[in-house]
Asks: 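Before we start, here is the structure in question, set down as structure tokens.
These numbers come from the heavy atoms of this one structure, side chains and all, not from hydrogens, waters or symmetry mates. The shown structure was predicted, so the numbers you read here are calculated from the model rather than taken from an experiment.
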Amino acid sequence: MNNLMNTLGQQSKKAAQQLSQLETARKNDCLMNMAQDLEDNAETILAANRRDLNQAKENGIPEPLIDRLRLTDERIQEMAEGIRQVAALADPIGVVEKMWQTEDQLMIGQQRVPLGVIGIIFESRPNVTTDAASLCFKSGNAVILRGGKEAFYSNQALVELMQRTLRNNELNSAMIQFVNDTSHDVANEMMRLNDFLDVLIPRGGAGLIQRVKNTATVPVIETGTGNNHVYVDSAAQLDMARDIVINAKAQRPSVCNAIETLLVHEDIASEFLPMIEKALASHEVSLRADSKALAYLEQADLAAEEDWATEFLDYVLAIKVVASIDDAIEHINHYNSKHSEAIVTDSYPNGQKFLKEVDAAAVYINASTRFTDGFKFGFGAEIGISTQKLHARGPMGLEHLTSSKYIIYGDGQIRE
């Protein structure tokens, strides 16, 4: 085994045991100090981020992906606020969710406990570093963070600051650790760190997630890519639909809760498609449309089959005209990544049908998919958005980073 990963694993295992015993007040005090230290050292973080940005530009990384990487004073304040919100959340650790008495007069309870050591493999967004670290810390889990090379200096600076805060609070800095080697060999070692990691969570594009699924021997929670849709129903308010589509596509196209495909009912296509094309043009969104939609658009290319299955993460939108809500649901369930889906409609039956039949972690009526976010869901922050169905689904907050154990009280019972 790689010496780096073996060392990090051993240190994390020891730190996890210590962290699992920390009182809530002690964890919260440390988190509040962490948030303040980020704000107080913003220039150090921004200097490291500038190194990453300069390198990204030299390597020709597209602007939407550079935006995922970029930090500003405002984004650092948002990261600090996310940590403070995690501190303000109820601590799930130690909570006894239910208790009952058996026929043998045993009192049995189910209690929340940490998972142990969590590994996070992620790509270019530095805010993942603070979100993951704060959520793992509050839920009593040690964490090993392995970010992508695009954000290496930013992630390193953030982890060094958080480790300094831990030491200043007389805590083991190995509660939050950073893999300072971005090679694939070391990443592969981390995916097989079964002796030390209890779970591995990948955050990034389809390529990263598929690689982790295919390589890891450690249990994986899959946080998915976002091939998301908005379906504009025949009963939609078109002004509302326009605003939702613009927000879901153009506000920040490089994130996983942005949409990639717009589905429009044929009864309103002639009115809505020219309206949305004009609105999207001001955001320089290029369109790829099926043959029916092309008839109503002035500037669009014919969509290829692969466009329906693509997470563009860019100012590109696929558009399809459908004959019914059933056609829309069928298209979504065939091509989507089970992340976030939305319908715009004033029809109650159609809205309920969409909620019931669409297979995704988050399904919306008359709202943008951009709200699929742990912060917006009230979780303080998120460790990722799970698109699988086992253990957790959707934005993952504190409670999703715990397991349970049964605690049993007796007074001398033996089994006959």
Side-chain angles (χ1 to χ4, degrees), residues 1-22 26-27 30-31 34 37 41 44-45 48 51-52 113-124 126 128-204 208 211-221 383-384 401 403:
M1 179 179 289
N2 181 284
N3 286 334
L4 170 63
M5 292 314 306
N6 189 53
T7 300
L8 292 178
Q10 290 177 338
Q11 292 173 344
S12 290
K13 202 75 172 176
K14 181 178 179 180
Q17 178 61 28
Q18 298 166 347
L19 179 51
S20 69
Q21 305 305 312
L22 276 190
R26 187 101 184 270
K27 290 189 286 188
C30 187
L31 287 169
M34 240 178 237
D37 287 344
N41 293 276
T44 299
I45 299 167
R51 293 181 70 181
D52 288 323
V113 296
L115 293 172
V117 180
I118 298 175
I120 316 284
I121 296 181
F122 58 103
E123 293 178 328
S124 61
V128 174
T129 302
T130 54
D131 286 353
S134 60
L135 284 166
C136 288
F137 181 79
K138 178 68 179 267
S139 58
N141 298 288
V143 64
I144 300 176
L145 298 158
R146 193 273 187 188
K149 62 181 182 295
E150 299 87 357
F152 178 83
Y153 296 110
S154 304
N155 293 333
Q156 185 178 54
L158 289 166
V159 172
E160 286 176 356
L161 279 171
M162 290 187 289
Q163 288 181 328
R164 189 173 77 185
T165 305
L166 288 169
R167 289 192 294 270
N168 289 341
N169 284 263
E170 298 181 345
L171 294 173
N172 187 342
S173 62
M175 291 173 179
I176 301 171
Q177 296 204 82
F178 178 63
V179 181
N180 61 10
D181 185 327
T182 60
S183 70
H184 278 195
D185 287 345
V186 169
N188 288 341
E189 287 281 356
M190 184 174 177
M191 295 179 209
R192 300 188 179 103
L193 205 62
N194 293 66
D195 289 343
F196 304 112
L197 282 184
D198 292 283
V199 67
L200 183 63
I201 304 175
R203 285 192 61 171
L208 170 67
R211 181 171 154 240
V212 171
K213 285 173 61 180
N214 292 339
T215 305
T217 54
V218 174
V220 173
I221 298 176
I383 204 75
L401 298 178
S403 184

Asks: Looking only at heavy atoms, what is the nearest atom pair of L197 and I118, with distance?
Replies: CD2-C, 3.9 Å

Asks: Who are the side chain to side chain donor-acceptor pair (under 3.5 Å) partners of Q18, not counting sequence neighbours?
Replies: N172

Asks: Identify, with sequence neighbours excluded, every residue that meets side chain to side chain donor-acceptor pair (under 3.5 Å) alongside T44.
Replies: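 Checked T44 against side chain to side chain donor-acceptor pair (under 3.5 Å); zero matches.
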
Asks: Check whether any side-chain heavy atom of L4 sits under 4.5 Å from a side-chain heavy atom of E189, and report yes or no.
Replies: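 SC-SC contact between L4 and E189 ruled out.
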
Asks: If I compare all heavy atoms of L401 with all of L115, which pair ends up nearest, and what's the gap?
Replies: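 Taking L401 first and L115 second, the nearest heavy atoms are O-CG, 3.4 Å.
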
Asks: Residues in side chain to side chain donor-acceptor pair (under 3.5 Å) with N188, at least two apart?
Replies: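 Result, side chain to side chain donor-acceptor pair (under 3.5 Å) vs N188: R211.
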
Asks: Among all residues two or more places apart in sequence or in another chain, which pass the side chain to side chain donor-acceptor pair (under 3.5 Å) test with T165?
Replies: D37

Asks: Please report the closest heavy-atom contact between S12 and A142, naming both atoms and the distance.
Replies: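 Nearest pair, atom of S12 first, then A142: O-CB, 3.6 Å.
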
Asks: Take L19 and K27 through the test side chain to side chain contact (heavy atoms under 4.5 Å, CB included) and record every step on the way to the result.
Replies: CA-CA 9 Å; L19 179 51; K27 290 189 286 188; 4.3 Å; yes

Asks: So for atom NZ, which belongs to K13, do other residues, nucleotides or ligands contribute more than 12 heavy atoms lying within a distance under 6.0 Å?
Replies: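 Yes, the 6.0 Å shell around NZ holds more than 12 heavy atoms from other groups.
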
Asks: If you measure from OG1 on T130 to CZ on F137, what distance do you get to the nearest 0.5 Å?
Replies: 14.5 Å

Asks: Nearest heavy-atom pair of G116 and N141: which atoms, and what distance?
Replies: N-OD1, 2.7 Å

Asks: Would you give me the side-chain donor-acceptor pairs under 3.5 Å for residues 145-153, sequence neighbours excluded?
Replies:
residue, atom, partner, partner atom, Å
R146, NH2, T182, O, 2.5
R146, NH2, S183, O, 3.2
Y153, OH, R51, NH2, 3.3

Asks: For T129 versus M162, what's the shortest heavy-atom pair and its separation?
Replies: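 Heavy-atom minimum between the residues: CG2-CE, 3.9 Å.
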
Asks: Restricting to side chain to side chain contact (heavy atoms under 4.5 Å, CB included), what partner residues turn up for E123, sequence neighbours left out?
Replies: L208

Asks: Under the side chain to side chain contact (heavy atoms under 4.5 Å, CB included) rule, what do I120 and M190 come out as? Steps first, then yes or no, please.
Replies: CA-CA 10 Å; I120 316 284; M190 184 174 177; 5.8 Å; no

Asks: If you measure from CG on L166 to CE on M175, what distance do you get to the nearest 0.5 Å?
Replies: 7.0 Å

Asks: For residues P114 and S139, report the shortest heavy-atom separation together with the two atoms involved.
Replies: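 Residues P114 and S139, closest heavy atoms: CB-O, 3.5 Å.
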
